[in-house]
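Both counts, for ligands and for their atoms, begin at 1 and track the order of listing.
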Amino acid sequence: MQDNLTLSIIKPDAVARHITGKINEMIEGAGFSIVAQKLIRITKEQAQRFYDVHKDKPFYDDLCNYISSGAVVVQVLKKENAIADYRKLMGATNPEKAEEGTIRKKYAISIDQNSVHGSDAEDTARREISFFFSETELVGC
Ligand code: CMP
């Protein structure tokens, strides 16, 4: 696994509004290559494991219910400095605080329905990518 990869999830609010193409346009326009991508439905049990790091937070249950409430697009993005640059492109977790030109400023509905997720560190990215993808599914890496 390489340091220049990050895991992105296009969340149920965005998939339901048919804006995955628009979000991918922003992602590719910012210089990322989408090296793996699939449309899936995350189960509640998978959501609880994926967001395990937040299990003591008050929003954990709502978060797990939400991410398993509809189809999502999981994808692996490649770029130099992918993790930090994708977090910059996503914008602040709360869209009210997100900067102009970011995905969340443009498309997010609320802090819960905030359209996208991105890994926050190298070890997290490694864990999150292997949660959804096998090594053979990472094209061009
Ligand atoms: P995400 O990047 O997917 O990581 C955890 C998610 O929890 C986050 O986006 C938000 O959608 C959600 N969340 C809800 N409330 C909060 C909060 N107070 N702080 C951080 N994340 C929150």
Worksheet, complete the sentence: With heavy atoms and a 4.0 Å threshold, my read on which part of Met90 contacts ligand 1 is neither
Practice prompt. Measure Lys57 to ligand 1 on non-hydrogen atoms and call it side chain, backbone, both or neither using the 4.0 Å cut-off.
Written response: neither
Worksheet item: What is the distance from atom NZ of Lys11 to atom CD1 of Ile42, rounded to the nearest 0.5 Å?
Response: 9.5 Å
Worksheet item: What pair of heavy atoms forms the shortest contact from Thr6 to Ala125, and how long is it?
Response: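 Reported closest heavy-atom pair: CA-CB, 4.4 Å.
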Item to complete: Establish, from distance only, whether the side-chain atoms of Thr102 and Glu99 form a donor-acceptor pair under 3.5 Å.
Response: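 Thr102 vs Glu99: no donor-acceptor pair found between side chains.
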Worksheet item: Quick one: which ligand 1 atoms are inside 4.0 Å of a heavy atom on Lys11?
Response: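 Close to Lys11: 1 (P), 3 (O), 9 (O), 11 (O).
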Fill in: Arg104 neighbourhood, listing ligand 1 atoms whose heavy-atom distance to it stays under 4.0 Å
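In order of number, 2 (O).
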Return the closest protein heavy atom for [atom] as residue, atom name and distance.
| atom | result |
| --- | --- |
| atom 14 (C) of ligand 1 | Asp112 OD1, 3.3 Å |
| atom 17 (C) of ligand 1 | Phe59 CE2, 3.4 Å |
| atom 6 (C) of ligand 1 | Leu63 CD1, 3.6 Å |
| atom 8 (C) of ligand 1 | Thr93 CG2, 3.7 Å |
| atom 10 (C) of ligand 1 | Ile111 O, 3.2 Å |
| atom 2 (O) of ligand 1 | His117 ND1, 3.2 Å |
| atom 5 (C) of ligand 1 | His54 NE2, 3.6 Å |

Worksheet item: Where do Ile34 and Leu77 land on the side-chain contact (heavy atoms from CB on, under 4.5 Å) test, with the steps shown first?
Response: CA-CA 5 Å; Ile34 300 168; Leu77 309 182; 3.9 Å; yes
Worksheet item: Does the distance from a Lys or Arg side-chain N to an Asp or Glu carboxylate O, for Asp13 and Arg17, drop under 4.0 Å?
Response: yes
Worksheet item: Between Lys55 and Asp52, is the closest basic N to carboxylate O distance under 4.0 Å?
Response: yes
Worksheet entry | Candidates Ile10, Val73, Val74 - the one meeting side-chain contact (heavy atoms from CB on, under 4.5 Å) with Leu39 | Val73
Item to complete: Would you please determine whether Tyr51 falls within less than 4.0 Å of ligand 1 on a heavy-atom basis?
Response: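 True for this residue.
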Practice prompt. Check Phe50, Phe132, Phe131, Tyr86 against His117 for a ring-ring contact (aromatic ring centres under 6.0 Å, His included) and give me the one that passes.
Written response: Phe50
